[in-house]
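We're numbering straight along the sequence, starting at 1.
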Amino acid sequence: MELGVIGLGRMGQIVVERTLAAGHTVVAYDRDTTAVQAAREAGAAGVEELSELCERLDASPITVCRPRDEREASVMAEAYGRMTRQPGV
């Protein structure tokens, strides 16, 4: 399975590490490039742009590890808008 992770704070890094440990592939994105680098060092495919994550995953599962606020909604709206196949909610 391939999983996209948006938001690489404490919870996001844990999701990345556990998903990789279970033998799955992770594509990780965060606005903070140091967080993306940490995900790469853990074995994930870190991407610099949200559009790159969406292109790589298309309709694969994506988890958002961010505080619930209006920024989360805008990130998800952008991600869904960039996918060629719309995932189920």
Side-chain angles (χ1 to χ4, degrees):
M1 179 178 81
E2 189 169 54
L3 175 70
V5 178
I6 300 171
L8 300 171
R10 279 186 276 179
M11 186 169 67
Q13 286 291 350
I14 291 169
V15 169
V16 167
E17 292 167 6
R18 290 186 180 178
T19 303
L20 290 169
H24 302 292
T25 302
V26 175
V27 179
Y29 167 76
D30 195 285
R31 292 178 183 168
D32 179 358
T33 57
T34 58
V36 174
Q37 184 58 36
R40 282 188 187 122
E41 291 170 5
V47 296
E48 302 293 327
E49 300 291 331
L50 182 59
S51 60
E52 188 178 351
L53 179 139
C54 296
E55 289 168 10
R56 289 187 62 164
L57 294 174
D58 200 19
S60 295
I62 295 176
T63 185
V64 178
C65 300
R66 296 190 39 78
R68 291 210 117 169
D69 61 16
E70 59 277 351
R71 288 186 303 167
E72 177 184 333
S74 70
V75 167
M76 288 311 298
E78 181 181 348
Y80 288 150
R82 291 180 179 275
M83 292 180 178
T84 57
R85 293 183 296 155
Q86 297 299 306
V89 176

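Salt bridge annotation for E48-R40: present, with a cationic side-chain nitrogen under 4.0 angstrom from a carboxylate oxygen.
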Query raised in the report: T19 and V5: side chain to side chain contact (heavy atoms under 4.5 Å, CB included), yes or no, with the steps?
Result: CA-CA 10 Å; T19 303; V5 178; 5.7 Å; no

Report task. Evaluate the criterion side chain to side chain contact (heavy atoms under 4.5 Å, CB included) for residue pair R56 and V27; output intermediate values, then yes/no. Result -> CA-CA 8 Å; R56 289 187 62 164; V27 179; 4.2 Å; yes

Query - From CA spacing to verdict: side chain to side chain contact (heavy atoms under 4.5 Å, CB included), L8, D32 - result: CA-CA 8 Å; L8 300 171; D32 179 358; over 6 Å; no

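The CD atom of E17 sits 6.0 Å away from atom CD of Q13, with the distance rounded to the nearest 0.5 Å.
Only one option out of L50, V36, I6 pairs with D30 in a side chain to side chain contact (heavy atoms under 4.5 Å, CB included); it is V36.
Shortest non-hydrogen contact noted between A42 and L20 is O-CD1, 3.3 Å.
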